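Working notes, beginning with the structure itself.
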Amino acid sequence: MQADVSSVETRVPMLIVRWKPGKIHVSQNGIKTWCGSLVPDTATRTVPTVDWHLHTNCYNCAYRLWPQHAPTGYLRPADGKDFPIPKACPHGRRARGCVRCTPRAAQNWPCPNGCTDPVDHDPLHRYTKCTVFPPRQPTEPDGRCIGRCESTEKVVHRANPGMHFDLADSAAMTCYHCGEAVCVGCQTNPVDSVLMFCDTCP
């Protein structure tokens with residue numbers, strides 16, 4: 001997943017306000033914070049600054065500011081512990097999750113499919129860019145496979161030997177070709193719904 005990094009910046013000065021130990025909010029008018037709290041008369045207010053992102057540690061303020069006032073080159077905080085607001089790496093990601101900045105994070109490397117760039121094996125994506133997806137077989141008018149069903153997990157692993165994929169649970173329970181439910185045991189026989197075993201599986 002691509003990190004939520006701002007590419008267009010609107011430089012609007014904001015007030016940094018504080019009235020409780022440890023919590024630093026952002027306000028545009030000094031009356032109400034971006035997270036919706038009324039600013040008490042006892043609050044400390046800074047002079048307006050465009051660098052509000054360097055001071056706040058209020059997740060709700062940052063979350064609401066981000067769509068229109070996100071600072072260029074920074075990443076939207078993921079939660080209330082993601083402060084100071086993190087800078088993006090040169091590739092627009094968190095440095096720890098970027099396979100260009102930290103190549104050892106690449107999955108399936110060196111690539112058994114012949115890739116020459118570890119960025120094609122970004123661990124934030126379920127599939128690598130070089131993943132082979134075989135053609136789907138024809139289906140009956142009722143939507144079921146004409147031939148034998150086969151789970152997405154079986155098809156993908158067979159087409160990409162030596163590759164590891166962090167697949168969703170549904171990949172073992174649905175047919176790659178027709179998309180209908182298959183037995184969770186053999187992953188080939190059709191069943192009426194997911195999480196069911198066919199008659200031939202114990």
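This one's a predicted model, so the numbers in the text were calculated from it and none came from an experiment.
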Say whether, by atom type as modelled, one donor and one acceptor occur between the side chain of [X] and the main chain of [Y] under 3.5 angstrom.
X    : Y    : result
S27  : K32  : yes
S37  : T33  : no
D79  : D82  : yes
R64  : C35  : yes
Q137 : R148 : yes

Any chance CG of D169 has more than 12 other-residue heavy atoms, nucleotides or ligands included, within less than 6.0 Å?
no

Any side-chain heavy atom of [X] sitting closer than 4.5 Å to one from [Y]?
X    : Y    : result
M14  : T56  : no
V155 : H177 : yes
P48  : L15  : yes
F197 : V184 : yes

Cation-aromatic face contact R126/F165, 6.0 Å, 45 degrees:
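Relative to the ring axis of F165, which defines the angle, R126 lies outside at least one limit.
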
W34/H69 aromatic ring centres below 6.0 Å:
yes

Applying side-chain hydrogen bond (donor to acceptor under 3.5 Å, both in side chains) to T128 and N108, what does each step give before you reach the verdict?
CA-CA 9 Å; T128 63; N108 303 307; 5.5 Å; no

Could you grab the distance from atom OG1 of T46 to atom CH2 of W52, nearest 0.5 Å is fine?
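Going from the OG1 atom of T46 to the CH2 atom of W52 covers 13.0 Å.
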
